Amino acid sequence: MRRREFLGVLGGVAAAWPVVARAQQSEPMRRVGFLRVGPPPPAFIDGFRQGMRERGLIEGQHFVIEYGLAKSAAQIPDVATELVTRRLDVLFASGTPSVLPARDAAGRTPVVFVATIDPVAAGLVTSLARHDQNITGMTSISGDVIAKRLQMIKEVVPTLNRVAILVRESSPDTAQYVRESQTAARYLGVELQIEIERNPTDLVAARSANALVVADDAEFTAQRVEIAELALRNRLPTVSGLRELAEAGGLMAYGASFGDLYRRAASHVSKILQGAKASDLPIEQPVKFEFVMNMRTAKLLGLSIPPSLLALADEVIE
């Protein structure tokens with residue numbers, strides 16, 4: 001190629017560079033709405049960001065998170081209605097109180113959730129694997145988790161004869177949680193005391209119990225410090241499915257790793273942003289579980305933790 005021809009080709013390519021750059025710069029920033037009661041625990045949102053990074057999506061470069069945070073579950077429907085006006089590409093429902101309001105407010109916007117909810121029993125879908133709804137996500141519900149929690153608290157308190165269970169009155173999963181707890185309590189020979197949550201001071205009524213089981217719920221996550229403090233004042237050893245409650249002063253937590261669920265949920269969000277339909281993505285269950293023991297709380301309560309139980313802990317808070 002002659003020098004003049006080469007320079008002409010090079011000049012044509014150079015002239016095209018600004019066009020390519022402008023096209024890349026004009027690529028729209030995707031908007032992910034994040035609906036929840038209270039701020040998400042760091043492990044939740046960090047898990048989501050990690051999952052997005054694993055798929056080449058960086059917050060601030062490829063997507064932004066639009067937060068819709070309610071002070072209570074009762075406010076979630078109004079917050080959801082406002083959130084969807086922000087031209088979202090995906091609505092992320094974080095926690096059980098957010099799932100049904102997100103579905104109802106989303107319209108044509110796809111919904112991805114992470115929650116302790118039975119999607120079939122709640123009427124979200126007819127099947128986890130195959131469904132025709134504009135919603136998908138991760139459920140933390142798995143088999144005998146509730147029975148294991150009761151068994152663990154029984155090992156810590158061998159004289160246990162009455163255990164209180166804290167549930168949220170309006171949660172779509174309360175009835176099922178209570179039924180499974182009743183079955184486990186009968187098997188262990190302990191009496192079950194149902195505490196219906198309206199505010200954290202409702203725990204005062206649980207003084208006659210020997211221990212407290214806290215149901216998995218985003219509202220309880222937001223109230224975890226108050227719940228832990230009130231339980232300590234009433235000398236109630238607590239068990240829940242949320243490591244953050246154990247970190248706040250609860251005795252122990254056993255359940256699905258929510259950090260891992262949020263990381264995996266990012267895969268669904270990424271696929272939807274790339275054009276997939278929520279109805280084509282199966283609702284998935286947990287594959288990673290964690291057991292956290294707070295030995296500081298055990299000492300404050302004067303409890304001796306069996307070495308066999310302590311050996312099972314993934315993390316021990318000293």
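It should be emphasised that the depicted structure is a prediction, and the values quoted were computed from it without experimental measurement.
Looking at Arg296, its side chain never comes within 3.5 Å of a backbone N or O of Gly249 through a donor-acceptor pair. No donor-acceptor pair under 3.5 Å is formed between the side chain of Ser257 and the backbone N or O of Glu290. Under a 3.5 Å cut-off, the side chain of Arg49 and the backbone N or O of Asp46 do not form any donor-acceptor pair. Under the 3.5 Å distance criterion, the side-chain polar atoms of Asn294 are left unmatched by any main-chain donor or acceptor of Glu318. In this structure, the side chain of Ser171 does not engage the main chain of Arg168 through any donor-acceptor pair within 3.5 Å. Looking only at distances, a side-chain donor or acceptor of Thr136 sits under 3.5 Å from a matching main-chain atom of Leu281. A donor-acceptor pair under 3.5 Å is formed between the side chain of Asp217 and the backbone N or O of Glu219. A donor-acceptor contact shorter than 3.5 Å links the side chain of Arg31 to the backbone of Arg86. Side-chain atoms of Lys154 come within 3.5 Å of backbone N or O of Leu160 as a donor-acceptor pair. Looking at Thr139, its side chain never comes within 3.5 Å of a backbone N or O of Gln285 through a donor-acceptor pair.
Closest approach of Ala248 to Ala228, counting heavy atoms only: O-CB, 3.5 Å. The nearest pair of heavy atoms linking Asn134 to Gly107 is ND2-O, 4.0 Å.
A donor-acceptor contact closer than 3.5 angstrom is absent between the side chains of Glu191 and Gln193. Between the side chains of Arg55 and Ser270, no donor-acceptor pair of N or O atoms lies under 3.5 Å. Under the 3.5 Å distance criterion, with hydrogens and angles disregarded, no donor-acceptor pair is assigned to the side chains of Ser181 and Arg179. For Arg263 and Gln50, the side-chain atoms include no donor-acceptor pair closer than 3.5 Å.
Rounding to the nearest 0.5 angstrom, the gap separating the OG atom in Ser98 from the CZ atom in Arg36 is 7.0 Å. Between atom OG1 of residue Thr174 and atom CD1 of residue Ile196 there is a gap of 6.5 Å, rounded to the nearest 0.5 Å. Between the CE atom in Met295 and the CE atom in Met293 there is a gap of 7.0 Å [rounded to 0.5 Å]. Atoms CG and CZ, from Leu300 and Arg235 in turn, are 8.0 Å apart once rounded to the nearest 0.5 Å. Of the inter-residue distances, the one linking Gln133 atom CD with Ile283 atom CD1 reads 9.5 Å to the nearest 0.5 angstrom. Rounding to the nearest 0.5 Å places CG of Leu35 at 4.0 Å from CD1 of Ile76.
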Please output the side-chain donor-acceptor pairs of residues 302-313 that fall under 3.5 Å, not counting sequence neighbours, one pair per line with the distance.
none

Result block: side-chain N/O donor-acceptor pairs under 3.5 angstrom for residues 112-129, not counting sequence neighbours:
from	atom 1	to	atom 2	distance (Å)
Thr116	OG1	Ser140	OG	2.6
Asp118	OD1	Val120	N	3.1
Asp118	OD1	Ala121	N	3.1
Ser127	OG	Ala129	N	3.3
Ser127	OG	Arg130	N	3.4

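By the rule that hydrophobic residues join a cluster once side-chain heavy atoms approach within less than 4.5 Å of another member, Val178 and Val239 end up as members of one cluster. Under the 4.5 Å side-chain heavy-atom criterion for grouping Ile, Leu, Val, Met, Phe, Trp and Tyr, Met138 is connected to Met52 within one hydrophobic cluster. Grouping the Ile, Leu, Val, Met, Phe, Trp and Tyr side chains by contacts below 4.5 angstrom, directly or via other members, places Tyr67 apart from Leu88. Both Leu188 and Leu251 belong to a single network of hydrophobic side chains, linked directly or stepwise wherever heavy atoms of I, L, V, M, F, W or Y lie under 4.5 Å apart. Both Ile272 and Phe63 are assigned to one and the same hydrophobic cluster, defined by single-linkage of ILVMFWY side chains at heavy-atom distances under 4.5 Å.
Every side-chain contact (heavy atoms from CB on, under 4.5 Å) that Val287 has, sequence neighbours left out, goes to Asp260, Arg264. Ala43 is linked by a side-chain contact (heavy atoms from CB on, under 4.5 Å) to Glu244, counting only residues two or more places apart in sequence or in another chain. Residues that satisfy the side-chain contact (heavy atoms from CB on, under 4.5 Å) test with Lys148, not counting sequence neighbours, are Asp144, Tyr254. Tyr187 is linked by a side-chain hydrogen bond (donor to acceptor under 3.5 Å, both in side chains) to nothing, counting only residues two or more places apart in sequence or in another chain.
Side-chain contact between Arg103 and Val99 is absent, with no heavy atoms from C-beta onward closer than 4.5 Å. Within the 4.5 Å cutoff, the side chain of Leu232 has heavy atoms near those of the Thr297 side chain. Inter-residue side-chain proximity for Pro286 and Leu261 is flagged as met; some heavy-atom pair is nearer than 4.5 Å. Contact annotation: the side chain of Leu69 never approaches that of Val79 to less than 4.5 Å [non-hydrogen atoms, C-beta and beyond]. Inter-residue side-chain proximity for Pro77 and Asp104 is flagged as unmet; no heavy-atom pair is nearer than 4.5 Å. A heavy-atom distance below 4.5 Å is found between the side chains of Leu100 and Pro172.
When each of Phe92, Tyr262, Phe34 is checked for a ring pair (Phe, Tyr, Trp, His ring centres under 6.0 Å) with Phe44, only Tyr262 meets the rule.
For Asp314 and Lys288, the salt-bridge test fails: no basic side-chain N is under 4.0 Å from an acidic carboxylate O. Using a 4.0 Å cut-off between a side-chain N of Lys or Arg and a carboxylate O of Asp or Glu, Lys277 and Asp280 do not qualify as a salt bridge.
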TODO: Apply the test side chain to side chain contact (heavy atoms under 4.5 Å, CB included) to residues Thr81 and Leu83: give CA-CA distance (whole Å), side-chain angles for both, the deciding distance (0.1 Å), then the verdict.
DONE: CA-CA 6 Å; Thr81 299; Leu83 186 58; over 6 Å; no

Task: Test side chain to side chain contact (heavy atoms under 4.5 Å, CB included) applied to Val190 and Leu150, step by step - done: CA-CA 10 Å; Val190 299; Leu150 284 173; 5.6 Å; no

Task: Steps toward side chain to side chain contact (heavy atoms under 4.5 Å, CB included) verdict (Met252, Val156) - done: CA-CA 10 Å; Met252 57 186 175; Val156 173; 3.9 Å; yes

Task: CA sep, side-chain torsions, deciding dist, call: Val213, Thr238, side chain to side chain contact (heavy atoms under 4.5 Å, CB included) - done: CA-CA 6 Å; Val213 177; Thr238 61; over 6 Å; no

